[in-house]
Structure formats: C-alpha cells, structure tokens
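Notes for the one structure printed next.
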Amino acid sequence: MNKYRSHNCNELRKKNVGSSILLSGWINKKRDHGNLLFLDLRDNYGITQCIIDKGNKNFKELEKLQLETVIKIEGKVVDRSTDTINKEIETGEIEVTIENFIVLGKCKELPMPVFSDQEYSEEIRLKYRYLDLRRKKIHENIILRSKVISFIRNEMNNFGFLEFQTPILTSSSPEGARDFLVPSRLNPGKFYALPQAPQQFKQLIMVSGFDKYFQIAPCFRDEDARADRSPGEFYQLDLEMSFVEQEDIFKVVEQLLVNTFKKFSKKKIITEKFPRITYRDALLKYGSDKPDLRNPLIIEDITETFTRKDVSFDIFKKLVKSGSNVRCIVTKNTKDKPRSFFDNIDRWAKNEGASGLAYFTIENGISAKGPVGKFFSKESLEEIMKKTGAKVGDSIFMACSKKKDLERITSLARDKIAKDLNLIDDNVFAFCWVVDYPMFEKNDQTNKIEFSHNPFSMPQGDIKKLNFEKPLDMLAYQYDIVCNGIELSSGAIRNHIPELMYKLFAIAGYDKDQVDEKFSGMINALSYGAPPHGGIAPGIDRIIMLLANEKNIREVTMFPMNQNAQDLMMNAPSSIDEKQLKELNLTLKIKK
RNA sequence: GGGGGUGUAGCUCAGUUGGUUAGAGCGAUCGCCUGUCACGCGAUAGGUCGAGGGUUCGAGUCCCUUCACUCCCGCCA
C-alpha cells in the first residue's frame, strides 16, 4: 500500500464505514470545539471531514496546526448520524475519526486565505499563485483547460491530423506584432525571435507533404495586455491542410468547435452551422468585424433619407452633405419606455465621444415623437420604416459621422442599448464566420497600402484576371471565427504561388529583393512544388474563457504575467550578470 | 505613449464638511466550549493611511508630483 494514502479525499462513502484508511491532504478548515475538533482535509479531488477529540493523545498538537498544513491521517471511517450529514460535499455521509497523524508539509502564516469566497487583488494572487491555484474556482478552471486541450488533441487525431512541434527560436519577421528577441551567443550581434505563430512553419509542413497538421502552439507577441489578451504568450490550436478550399476548413473547424463546446458547456449553440457574414456587412450591420450575434439589434444606413427636402434635421443634413453617413438602430416596441431610458443612452453616447444619439419613436398615423421628431415628414418616416423594418411603437436611434467613427459609435451603441433592454441571452453561444476580408487596406496616417491581415493569404477570384490596379477592391480567402463578440481565430487559404506573392508584396511596398531576404525560406519552398493549402488557428485561451465563463484570461492561465509583463512569483524579467551580457556581446544603454 | 478606476492592519473593506486616541469582519496569538460544516463566546497583538512635497492651527480626507495594481485607447495573427 502507498505510504501516504489508501484513498483520496473524495473517495470515501457509506460502504467504507468501518475500514481503516490513510488520507493525505491540506487542512482546509478547522472547527475547534475545545474538546472536539472537526478538520476538513482537502486534496485535488475533494474534501473529507475528519474528527478527533481530547481523548486522543494527538488532540492538542493537531488543534494548533495552521490551515493549509499538509498532513497524513490514519483513521477509521465512521457513519454520520442523519442530522449531521453534509450534502454539500460528496463524502458528506461519512467522516474519519483520526487515530494518528503526521505533518508532511508545514505551513507558515498565510498571506491570503485559501478557503474563502473573497476576491483578492491580482498582485497578491499572482505573487502567491500556488496558493491562489488551490482555490476551488480557479483550480477547476485549470483542470477544465487540461481536459479541453486533451479533448481537442484527440478530436484532431481522429480527424486524421498529425501533431508536430515547430521551433521556438526562429527568425524575426517584418509583418505583424513586435517580436520577442533572444540574442545569439554563437552569432554575435544576431538575434532569434520567438514565433508570433508558427505561420511559415506550418506552410512549410504542407510543402513537405504532410497533408494535415496541428499543434497546440505557444505564440509570443510583445504587445500590451488586455483583459482577454495575455502579455507575452498565449496558445493557439494551429492547423493547416493541403489541397483544400475554404469550405473544407470550415467543415473541420465547425465540427471541432461544436463538439468541444457541446462537451464542456451546458450553454446552447444557437447555430451549429455557423452563419457567414462578409467583412463589409459586419461593419455595416454590426459596426464591428467581431459581431455579437446574441444581440438581435441591427444597424441600418439611412443616409439617403437625409438628402430629402421634407427632412429638416439640419445638423445631420449638413454633415451628410460634407460626406458623413447616418446609421440607425431600431428598438422594437419601446414607445412606453420612460424619457430617462432615451436620455441615458444619449448621455452615454456623448460620454463615448460621439455628438450624441438622436432618437424618436414612431407613433400612430406615422409621426415621430421625441426631441428631433418634428424634423421628419410622414413620407420620410415611411421611407425609414421601409428601409429598416421599423413599425409603429418602435424607436430609432441615429448617429451621424464619418464612416470609421460611425462604425465605432454604432457598434458601442448596439451593445449599450441591448444591455439596457436586456436583449442578450447569456446562456447561448452564437458563432459566426466573418469572410471576404480585403487583401489590402490604406493606412490612415501614412496613406500607404498595407496588407490588411496575413500577407500570405490567397486573393479571391481567377488568379489570371486579378486587377492589380485596384488593390483595395481585392478580397482575400481570409476568415475569422467570432463567438459572442469575441474573436476566436483567424485563418486563410494561402498563396502558394511565388510570382503572385511578389506582385502582392510589391503593392505593399516590398520589392523582390526584400521579399527574398525576409521570407527566403518560404518563397524558396513555394517554388519547389507547393500544394494549395490553407488553415486556421483558434485561440485556446479564449475558447477556455468562453467555456469557463470568465472575462479575464488570467482566470484560465496557470501562471500568468501581470499587465506589465512581469511574473511576480518568479521575478521575471530580471537583471542578468555582467558575465552573461559579455558572452552575448551585449551592452546596456538604459533610458532614464 | 494616452485616459479612467483603485491603493487605509497579514487579507477584504468602512472612515461623514478637514477636527480628540484611525475602525469592522476574516486571519494570527491566548483562554473557554464534545456535533460543527462560514461552529460559537471572550481577550490580546497588529497601522509609514502606497511614497514625496504643499495648503492649513490641524490632512487618511484638499492640492501637486510620483509609484504600484487594474480597465480601456493606441498597439496586437
């Protein structure tokens, strides 16, 4: 028999009554009655109530032990009388009378209580992460994470994918995020970069003829953190397939995600075949390329109406003349909402930096009630109703601005209004594909044309007939998955044709030599017989967040860094010895 | 780089209009308690009010600077 335990702390039941057992674990809680002591022993699996009274020679010593001390107990399983059964724990029908015990791991006074529902500052949680991780909620989140990853691995194997590792020390690439760099000792003055994603490697795996690849891949990007974005590192389910079209990727990923979300959450998936929304439509109808489809509100463009003579809303009309658009959100049957409901939203919009949201409610006989209602004729209202599907009793919120700004404010307003009207069902998952991303976009500041997403994406249409004169009209086989307004992954069918790649890079301002230099491995490989291929990379951390119903990525990450990319437990990053710097041929020049 | 929030005992927090000796719960220590499961009761210890400067007869409270944590913008396959 194992010298530490015969059972774990979630194992003993009525059928064990009478047997002598060994349990090991942490002292979760003591209830000391002076001559009788209840002690909850906890391990990864659960809690068992143990009991000792002053008749036992160990009583005094045990009574004094700190919570979170690790002990081993020798004892006997006994029945609990009906009125003392604890239905909250699975071992609640029995308890263990302690006959003997030893301390396996002493515990100092705790910097934070482990057994408590209190919330603690991130700082203390991260510094003592090993204590924090003992707590129920986060302990379960991390176990969930393990199970989800294991399930996904298994599914991918069943789908016929092969798992490969790709290098962690690789080369810096010019596109995308800031790289983490590692100085090379053997190559003075040169640096490795940690991969932002195994993008080029997975394509090279396809060129190597492996057909279907996946990896639970660590990705490193030196960018600032957000609640849903770890600084430094995160994980993707990276996958790539050869001889596929967009549809083939969609099929695999939809099946994988549906299986995973069904297995690990009780929430309903609204549409198991994910609806597809073009990038253009997403920006128009939702104001965002990551629409939350749980929210039924739709944004409509009603700019036309503001060119009518019988509309006298001059502020908007003037703006429209100078190139602004008007977009609106219709709320159904809100005629009886109090004035404060409307004013709140208007005030909120002004707070968000918009000029406010104009609104009116459509009344019987087709007239508009509200501060700006008088500016609209019956006919103009009928036009708006036809365009937006609004009915009598509905209200219309309008914003007028230049396109980018308008998308931003209408998107925020869509969220805000839905929240105020309680329209979002929190018990569902609403997935969608966002498709038809533009290949290029114009940088507002520099006025230069840049790749809008991945430079290795394949443009849509007949390759021979592509119009390189109008790059901004070019669409790519580039797609994102969005769930409940959270961007889960993005992927693309790749461009496997070197000549085409040179042309596209030329549009983004890279000449052939630059492409050859920066992407030598890739471009070379593609010229030795490359299969058409494509893939995608769902974010593991965000999938777990959705499944665990957490808003912060640190709640599903075992040892996260704080917002300033510091590990408070391990003291990383840290200074290094002069000797190490010397070996790496580095000198420090720190700005003050 | 910019904006918001927070910072008071080991932990979670309260602290009124600027006014006497800065409080509570949990935890710790000590004592009492044989059926609790957030056990109960009593006592004790524990404070650079994040730091620095200023205004004031007087600052936890007002002002300035600064630091830490966090949320957001920028940034981000």
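Proteins come first, then strands; the chains are lettered A, B, ... in the order of their sequence lines, and each starts at number 1. All values derive from a computational prediction rather than experimental measurement. No hydrogens, no waters, no symmetry mates; every other heavy atom, side chains included, goes into these values.
Look at A/Lys29 and you'll find a side-chain N or O under 4.0 angstrom from OP1 or OP2 of B/C39. Between A/Ser81 and B/G35, a side-chain N or O to OP1/OP2 separation shorter than 4.0 Å is absent. Close to B/C76, at under 4.0 Å from its OP1 or OP2, lies no side-chain N or O of A/Arg542. Proximity of A/Asn86 to the phosphate of B/U36: no side-chain N or O atom is located under 4.0 Å from OP1 or OP2. Side-chain N/O atoms of A/Gln566 include none lying less than 4.0 angstrom from OP1 or OP2 on B/A68. At B/U36, none of the side-chain N or O atoms of A/Gln49 fall inside 4.0 Å of OP1 or OP2 (strictly under the cut-off). Regarding contacts with the backbone of B/C71, a side-chain N or O of A/Asn552 is found under 4.0 angstrom from either OP1 or OP2. For A/Arg31, no side-chain nitrogen or oxygen approaches OP1 or OP2 of B/C33 to under 4.0 Å. Taking 4.0 angstrom as the limit, A/Asn454 places none of its side-chain polar atoms (N or O) nearer than this to OP1 or OP2 of B/A77.
Taking the ring centroids of A/Phe456 and A/Phe519, they lie under the 6.0 Å cut-off. The ring of A/Tyr213 has its center no closer than 6.0 angstrom to the ring center of A/Phe161.
In terms of polar N and O atoms assigned as donor or acceptor, the side chain of A/Arg80 comes within less than 3.5 Å of the base of B/U36 in a complementary pairing. Side-chain atoms of A/Asp83 stay outside donor-acceptor range of the base of B/G35, with no qualifying N/O pair under 3.5 Å. Contact annotation: side chain of A/Glu119 to base of B/U12, donor-acceptor pair absent below 3.5 Å. For A/Arg229 against B/C75, a side-chain N or O and a base N or O form a donor-acceptor pair under 3.5 Å. Judged by atom type and distance alone, A/Gln118 does not reach the base of B/G27 through any side-chain donor-acceptor pair under 3.5 Å.
Among the atoms of the strands shown, base atoms are found under 4.0 Å from some heavy atom of A/Thr84. At the heavy-atom level, A/Glu487 lies under 4.0 Å from base atoms of the strands shown. Backbone-only contact: A/Tyr120 has heavy atoms under 4.0 Å from sugar-phosphate atoms and none from a base. Across all strands shown, A/Gln563 has heavy atoms under 4.0 Å from base atoms, whether or not it also approaches the sugar-phosphate.
Side-chain N/O atoms of A/Tyr437 and A/Asp480 include a donor and acceptor closer than 3.5 Å.
Spacing between B/G60 and B/U55 at atom P, rounded to whole Å, works out to 16 Å. For the C1' atom pair drawn from B/G5 and B/A22, the interatomic distance equals 24 Å after rounding to whole Å. Distance check on atom P: B/C49 versus B/G10 gives 12 Å, rounded to whole Å. Across B/U6 and B/C63, the matching P atoms stand 13 Å from one another, rounded to whole Å.
Pairing for B/A59 is absent, judged as Watson-Crick or G-U wobble with the two contacts each under 3.5 Å. Base pairing of B/C41 is made with B/G31, judged by Watson-Crick or G-U wobble geometry with both donor-acceptor distances under 3.5 Å. Nucleotide B/A14 forms no Watson-Crick or G-U wobble pair with any nucleotide shown, as no partner meets the under 3.5 Å limit on both distances.
Between A/Glu123 and A/Glu63, the one whose closest nucleotide on RNA chain B sits nearer the 5' end is A/Glu63.
For the side chain to side chain contact (heavy atoms under 4.5 Å, CB included) test with A/Phe234, the passing option among A/Arg229, A/Arg542, A/Arg221 is A/Arg221; the others fail.
For A/Asp40, counting side-chain heavy atoms from C-beta on, the closest listed nucleotide (B/C37, B/G35, B/A77) is B/C37. With B/G35, B/A77, B/U12 as the choices, the nucleotide that has an atom nearest any side-chain atom of A/Arg221 turns out to be B/A77.
The side-chain heavy atoms of A/Ile52 and A/Phe101, taken from C-beta on, include no pair separated by under 4.5 Å.
Using a 5.5 Å limit on the distance between ring centres and a 30° limit on the angle between planes, the aromatic ring of A/His33 counts as stacked on the six-membered base ring of B/C39.
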